[in-house]
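A short write-up of the structure that comes next.
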Amino acid sequence: MNIYVGNLDYKVNEDDLKNVFEEYGQVSDTVVISDKFSGRSKGFGFVTMGNQAEAQKAIDELNGASYENRTMVVNEARPKKDNY
DNA sequence: CCTGAGCGA
């Protein structure tokens with residue numbers, strides 16, 4: 001399940017996200033989007049989890065939670081640019 | 001270094 005994690009602090013990395021989400025279940029992949037021109041983090045990322053139930057629980061627990069003094073937003077991610 | 005757009009080639 002793809003999970004969108006937004007409103008993150010600029011210091012938050014993929015490793016931090018993985019650590020947070022691994023507390024709720026298995027994390028398959030973690031991606032933090034950063035601008036390829038400026039190089040700074042865009043403040044959001046994506047987490048892929050194997051178990052849908054654990055993913056839903058992680059979303060329910062982490063959505064609106066405070067992390068690094070920032071209230072992060074966790075929700076189900078939109079389908080990526082697959083092939084239409 | 002920074003806190004704001006917020007859904008990635």
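Every chain is numbered from 1, with letters handed out A, B, ... down the list of sequences. On a predicted model such as this, the values are computed, not experimentally measured, just so you know.
One can place CD1 of A:Ile59 at 13 Å from C1' of B:dC7, the figure rounded to the nearest angstrom. Summarising the geometry, the separation between CG on A:Asn63 and C1' on B:dG6 is reported as 13 Å, rounded to the nearest angstrom. In this structure, the CZ atom of A:Arg78 is 12 Å from the C1' atom of B:dA5, given to the nearest Å. Taking atom CG on A:Asn69 and atom C1' on B:dC2, their separation rounds to 15 Å, with Å as the unit. Between the NZ atom of A:Lys11 and the P atom of B:dG4 there is a distance of 17 Å, given to the nearest Å. What separates CG of A:Asp35 from C1' of B:dA9 is a distance of 13 Å, to the nearest Å. When the C1' atom of B:dC2 is taken as reference, atom CZ of A:Phe37 falls 20 Å away, rounded to whole Å. Distance A:Arg40 CZ to B:dG8 P: 19 Å, rounded to the nearest Å.
Considering only heavy atoms from C-beta on, A:Thr30 stays 4.5 Å or farther from A:Thr48 through its side chain. Between A:Asp29 and A:Val47, every side-chain heavy-atom pair lies at or beyond the 4.5 Å cut-off.
Counting only heavy atoms from C-beta on, A:Asp9 has its side chain closest to B:dT3 among B:dT3, B:dG6, B:dG8. For A:Val73, the listed nucleotide lying nearest its side chain is B:dG6; candidates were B:dT3, B:dG6, B:dC2. Side-chain proximity of A:Asn7 to B:dC2, B:dG8, B:dG6: nearest is B:dG6. Residue A:Tyr4 places its side chain closer to B:dG6 than to any other of B:dG8, B:dG6, B:dG4. The A:Arg70 side chain lies nearest to B:dG4 when the options are B:dC2, B:dG4, B:dC7.
Judged by ring centres under 5.5 Å apart and planes tilted less than 30 degrees, A:Tyr10 fails to stack against the six-membered base ring of B:dC2. Stacking between A:Phe46 and B:dG8 is present: the aromatic ring centre lies within less than 5.5 angstrom of the base six-membered ring centre, and the two planes differ by under 30 degrees.
Atoms CG and OG1, on A:Asp9 and A:Thr71 in that order, are 11.5 Å from each other to the nearest 0.5 Å. A:Phe21 CZ to A:Ile59 CD1: the interatomic distance, rounded to the nearest 0.5 Å, is 7.5 Å.
When hydrophobic clusters are built by joining Ile, Leu, Val, Met, Phe, Trp and Tyr residues whose side-chain heavy atoms come closer than 4.5 Å, directly or via intermediates, A:Ile33 is not grouped with A:Tyr10.
Against the 90° criterion about 0, the sugar-base torsion of B:dG6 places it in the syn range.
Comparing the P positions of B:dC2 and B:dG6 gives a spacing of 22 Å, expressed to the nearest Å.
Residue A:Lys36 is out of contact with every strand shown, counting any heavy-atom pair closer than 4.0 Å.
Residue order along DNA chain B, read from the 5' end via each residue's closest nucleotide, puts A:Ser38 first among A:Ser41 and A:Ser38.
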